[in-house]
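Keep in mind the model is a prediction, meaning the values are calculated, not measured. Hydrogens, waters and symmetry mates play no part in the numbers below; they use all other heavy atoms, side chains included.
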Amino acid sequence: MINHSLTVTMIQFPAYIFLITQVFILIKADPLEGKHVFPVEPPQFPFIVSLRQKSFQDILTSQHFCTGSLITQKHVITAAHCFQERIEFEVEAIVSQQNWTRPSLSYEIDSWLTYNSWAPANGKTIEFPINDVAIVKLSLPICHDGITPAHLTNLNNKQLYGTKAMIVGWVGIYDNSSTMHLLQGKVTILRPSKSEHLIKLVANRKIKVNENYLATFAKPYILASCGDSGGPLLDNNNFLVGITRSTCPKIYWGDFPEEFLNHYKINLHSSVDYYREFIENVTTLAEVQ
């Protein structure tokens, strides 16, 4: 995560998973100044996972491309687009202590399942064309002191509108640095009408924010950065309320002056409430088996 900002890029080749964070897609943004972004203390988010493209040398040279959250001892939730054109044996889960200079624990990935694959197989109608949620199953459970799964929120979207939340992201992955640290940024979860209003100010057209999304905004802006896709949106109790997808609107760098480009942009997150049945079915079924 660029210092004080967050972004997401849809990279599509071999992978790795690391227990750490990222948050999602957007264009270049200046470092955020002010009180909204600050360092993460190591015990604060013990469920963050880093998805990485495998390196056949060592984990320090592997390429971080997405983030996820541990939601059981064997399951990681992330964005579905992170796994497009990837193969299981090319992906690995690395558990770290939120500082890339410390030793990490490597976990193989058994499989992953997207919502769009799960829904038809379970007699569910797919309401929206894009459902950017996937659950990754690890080959072995993570049993390590200090690493604990995130709790899912019990609140619905309407109860979350207007509340404060936290986006978490990396600093140190954009300059090939061997040191990665987590940053967190406080945002507000917007009502769809407010989200659509802000989007229109930038895109000059209406883009509907459907019920499978939560949109977040901060002033001064906080935007997810490259590799932050799939990372967590957390409430004040660190309960998982969303999975970072991208920024909106997606306007390519250079189309507008930088200040205008970022001022009204929002972050989009897949809603845990909307995808709750998918999440609980996949993780519970695995426990029964």
For this session: Compare every heavy atom of Thr216 with every heavy atom of His269, then report the nearest pair and how far apart it is.
Result: NE2-OG1, 2.9 Å
Exercise. Could you state the interatomic distance from CG (Asn237) to CG (Leu155), rounded to the nearest 0.5 Å?
Worked result: 9.0 Å
Exercise. What's the spacing between Lys200 NZ and Tyr264 OH if we round to 0.5 Å?
Worked result: 14.5 Å
Seminar exercise, completed: Across all chains, not counting sequence neighbours, the side-chain contact (heavy atoms from CB on, under 4.5 Å) partners of Asn204 are none
Seminar exercise, completed: Residues Leu240 and Ile71: closest non-hydrogen pair is CD2-CG2, 4.1 Å
Problem set entry | pair Ile77-Val272: side-chain heavy atoms closer than 4.5 Å | no
For this session: Kindly compute the distance separating NZ (Lys137) from NZ (Lys74), expressed to the nearest 0.5 Å.
Result: 5.0 Å
Seminar exercise, completed: Those residues at least two apart in sequence (or on a different chain) that pass side-chain contact (heavy atoms from CB on, under 4.5 Å) with Lys206 are Glu196
Exercise. Is the closest side-chain donor-acceptor distance between Thr247 and Asn267 under 3.5 Å?
Worked result: no
Problem set entry | Closest heavy-atom pair and its distance - Asp110, Ser139 | N-OG, 3.5 Å
Exercise. With a 4.5 Å heavy-atom cut-off, do Ile167 and Leu233 have their side chains touching?
Worked result: yes
Exercise. Hey, what do you get for OG (Ser271) to CG (Asn210), rounding to the nearest 0.5 Å?
Worked result: 11.5 Å
Seminar exercise, completed: CG (Asn131) and OH (Tyr275) are apart, to the nearest 0.5 Å, by 3.5 Å
Exercise. What class does the angle between the rings of Trp118 and Tyr115 fall in, given that below 30° is parallel, 30 to 60° is tilted and above 60° is perpendicular?
Worked result: tilted
For this session: Report the distance from atom SG of Cys82 to atom CZ of Arg245, rounding to the nearest 0.5 Å.
Result: 10.5 Å
Exercise. Nearest heavy-atom pair of Met166 and Phe45: which atoms, and what distance?
Worked result: CG-CZ, 4.4 Å
Problem set entry | All salt bridge (charged side-chain N to carboxylate O under 4.0 Å, His left out) counterparts of Lys124, not counting sequence neighbours | Glu277
Exercise. Which atom pair, heavy atoms only, marks the closest approach of Pro149 to Phe47?
Worked result: C-CB, 4.0 Å
